[in-house]
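Protein chains get the first letters and strands the later ones, always in sequence-line order, with residue 1 at the start of each.
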Amino acid sequence: VKNKDILLVEDNPDDVELTRRAFRKCNLVNELIVARDGVEALECLFGTEENAGMSARELPAIVLLDLKLPRIDGLEVLRRLRENPRTRYVPVVIMTSSKEEQDLVDGYRLGCNSYICKPVDFVQFARAVEQLGMYWLLLNEQAPSPENPETTFRR
Amino acid sequence: MGRVSGNHSELAAELEKLDLHDHLCLIYETREEQLAAAIPFIRIGLERGEQCVYIADDNDLEIILAAMRDRRIDIDAAVRSGALRVVTKRESYLQTGAFDPDWMIGFLREAVDKAREAGFQALRVTGEMTWALGQDPGTDRLMEYEAKLNYLFPERDVLAICQYNRRRFDPEIIQGVINTHPIVIYGSLVCRNPYYIPPDEFLGPKQAGLQVERMLRNLLDARQAEETHSRLAAIVESSEDAIIGKSPDGTILSWNGGAARMYGYAAEEAVGKPVSLLVPADLPDEIPRILDTIARGECVGHHETVRRRKDGRRIDVSLSVSPIRDGRGRVAGASAIARDITDHKRAEEALRAAKTRAESERVKTEAIVAAIGDGLSIQDREFRIVYQNERHRAVMGEHVDEKCFNAYWGNDRQCEGCPMARTFRDGGVHLEEREISFNGDLRYFEITTSPLRDASGEVTAGIEILRDVTERKRAEEEVRRLNVELERRVVERTAELAAANKELEAFAYSVSHDLRAPLRSMDGFSQALLEDYDGRLDDQGRDYLRRIRAATQRMGRLIDDLLNLSRVTRWELRREPVDLSALARTIAYELPSALQYREIEISVQDGLVAVGDPRLLRTVLENLLGNAWKFSAERNPAVIEVGLALPDDGPAFFVRDNGIGFDMAYAGKLFAPFQRLHAAYEGTGIGLSIVQRIVHRHGGRIWAHGKPGQGATFYFSLEQAERRTFP
């Protein structure tokens, strides 16, 4: 099993900590990279002018994407991800507090792989994180790398 | 007596009609007959201020005086005044001892003149001629005397009756008497004498020519009289009218064919009967009144009355009665002419009734037209105003006989677009609205013109109706203004509502995200404390942390429910058939019965189909079934029923349970948000609010029945789907 990274796009530090704790509880050791808003998330994935090297990294095994984010929101991040051929097949799991139907519709329309509503109850939350980690990191076979093997997501 | 005769009283009346200069003879057979003529003759003369001379001969003086007294003649006074003289032949005809006609005539002439000089109106003489039967000299010249008197009488104020007893005188003498008197009294009748011979002829040598001439003339006169009589009789007989002759006492004397037809009696049945035979019992005074009038010699002019036929039927007649006079002018009876006017009367009655009806209709119509609230006017084809009712006059002023365009609008010709002109052109009804200043107020009038046709359908005039539509106009104006205002407000409100919805959406979105996140932190870190610091916490510390977690989770559910509530409001409603039976079964299956180790009997009626939004209806059933499940937790088995009820005000779906029920006193609070009736049971108090909103959004109704401890039934209908209401 390749210990690929997990990209968590989440502006709430509590949620970041709880997510990290949930992963820890189920012994998933993959590195959790945190982007605190949409802009950071896009930088992580596509790099910036100052930090071009980030774009050369290996793509994350999964992006856990919150929707309500400062600056660029989650749906916009998803749209750009799916626009770009390199990131088109990166698994994206929307993990949000929102149960708004419109969000669900938009999320799937833009090509998310899964949509999870974060429960208030931590026990349920932890179970959800464990299950999605197991599934996406262990069970799921990733799409083959796109045309350019160099363009992998690496630290 | 076989001969025609009058009675004595009638005779007296006829004697009244004698004129001066009349020279009469009385041919009598009895004393009674004699005195009945002679005595009244004297009485009448005395009454008239004439000098009366009675020459007695045949009768004793005493008899004559007694007869005069009987006739209420005041003999003493009359004799004293010289008005009456009763004398003998010696004092008159035979004064000289012998009879000399010329002397006698001279004597009479002198007597007349003396009477006139003494102040009498005339000389009236009557003599009993039996003196001439004596053997006195000169009596053979009696006829010469009688003939010559006819020269004297026309020239002097004198009249006389010469009394001849038919039984005493030779017929030859009587013949001469008849030939020498122009008037003969015989059988109580005064008769003009056709056998009279004028003195020239009588005294001259026998002249056959003159005699023949006289006889032939008399012949023709008689014939003519007969002809006249029969013609009159034929006219009477053939008349349609009933013509009845009657005596002065009312006895029917003649009866024509018209009378027979009209009254139903044949002539033989009627003649001789009193005329009252024909008069209905309720008019007893009528005949006496008529006879009185006739007796006075007056006519009863045409008048309407009622008569009774032989068959008892009453008929209306127009009746006139006139006195009949004989040759001497006396009233000898009466003729009654009657015409049956029953049909005429009936027709007249009908006509009068029709006229009355027509008149009352006309009055009514006129009253209606006059009183009508709209102005009404009639114009002829020259636009001349023929009629205006009160209201029309009030609005337009009084202008009858003027031309409308001039009177109303001050034009000198027919107005442009005149509706009346159009009506005259095409015979149709036309309408125009005009502003007219009325009582200093500008008001709208609707002018309607319609044709007035004569019997042949020709349009002869037009009716103009003026209706004040100002109020309607103003109301319309107001409605239009309000509509514009309303539309503007609707637009405004819609925009406001849309904005509010947007805001609400944003708010809900924010709530959805941001309110839950802190709860998760509280719950998560409490749990982390419990897990990581378990050893350092005592039981109370752990209990506190658990309470924190329970509270955060309850808050989470509250937020979820609130979001649901707002979502129900915001969601666009779809309408499609929904199989409620299947839906209810699915939801029942999902109820966590197994975990509760409860026995639950759920029965769902088949074929429940509603038209509505499938997701929202699912929410409804989830809540109602969830409640039923929750509040019947203590029942074993719990019985839950879903079905269709048919109350009076329309069918309704229901969900019934046998749970703890509720007090109807709180039924009003059931559907208010955050209201909970049972603190012991979990819940946010929002579920039924959501259900109610959904039902209302569908235009339906929801209500509940319950009793503490005896279960509850929730009914809902989605029937009034057409009615749009804001939840």
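With a threshold of 4.5 angstrom between heavy atoms, A:Lys25 approaches chain B through side-chain atoms but not through N, CA, C or O. Of the atoms belonging to B:Arg615, it is side-chain heavy atoms, and not backbone ones, that fall under 4.5 Å from chain A. Residue A:Gln102 does not touch chain B at all, counting heavy-atom pairs closer than 4.5 Å.
For A:Arg109, the CZ atom sits in a packed shell: over 12 heavy atoms of surrounding residues, nucleotides or ligands are nearer than 6.0 Å. Shown here is B:Arg574, whose CZ atom has more than 12 heavy atoms of other residues, nucleotides or ligands within 6.0 Å. Enclosure of atom CZ in B:Arg542 by more than 12 non-hydrogen atoms of other residues, nucleotides or ligands within 6.0 angstrom is indicated. Within 6.0 Å of the OH atom in B:Tyr544, the count of heavy atoms belonging to other residues, nucleotides or ligands does not exceed 12.
Residues meeting the salt bridge (charged side-chain N to carboxylate O under 4.0 Å, His left out) test with B:Asp532, sequence neighbours left out: A:Arg21.
Rounded to the nearest 0.5 Å, atoms CZ (B:Arg516) and CG (A:Asn12) are 13.5 Å apart.
A:Val123 and B:Asp523 make their closest contact through N-OD2, 4.4 Å (heavy atoms, listed as atom of the first residue, atom of the second, distance). Smallest separation of non-hydrogen atoms from A:Ser97 and B:Ala517: OG-N, 4.4 Å. For B:Gln527 against A:Phe122, the heavy-atom pair with the smallest separation is CG-CD2, 3.4 Å.
Residues of residues 70-82 of chain A lying under 4.5 angstrom from chain B, judged on non-hydrogen atoms, do not exist here.
Evaluated for a side chain to side chain donor-acceptor pair (under 3.5 Å) with B:Arg520, the options A:Asp14, A:Asp15, A:Asp121 yield exactly one hit, A:Asp15.
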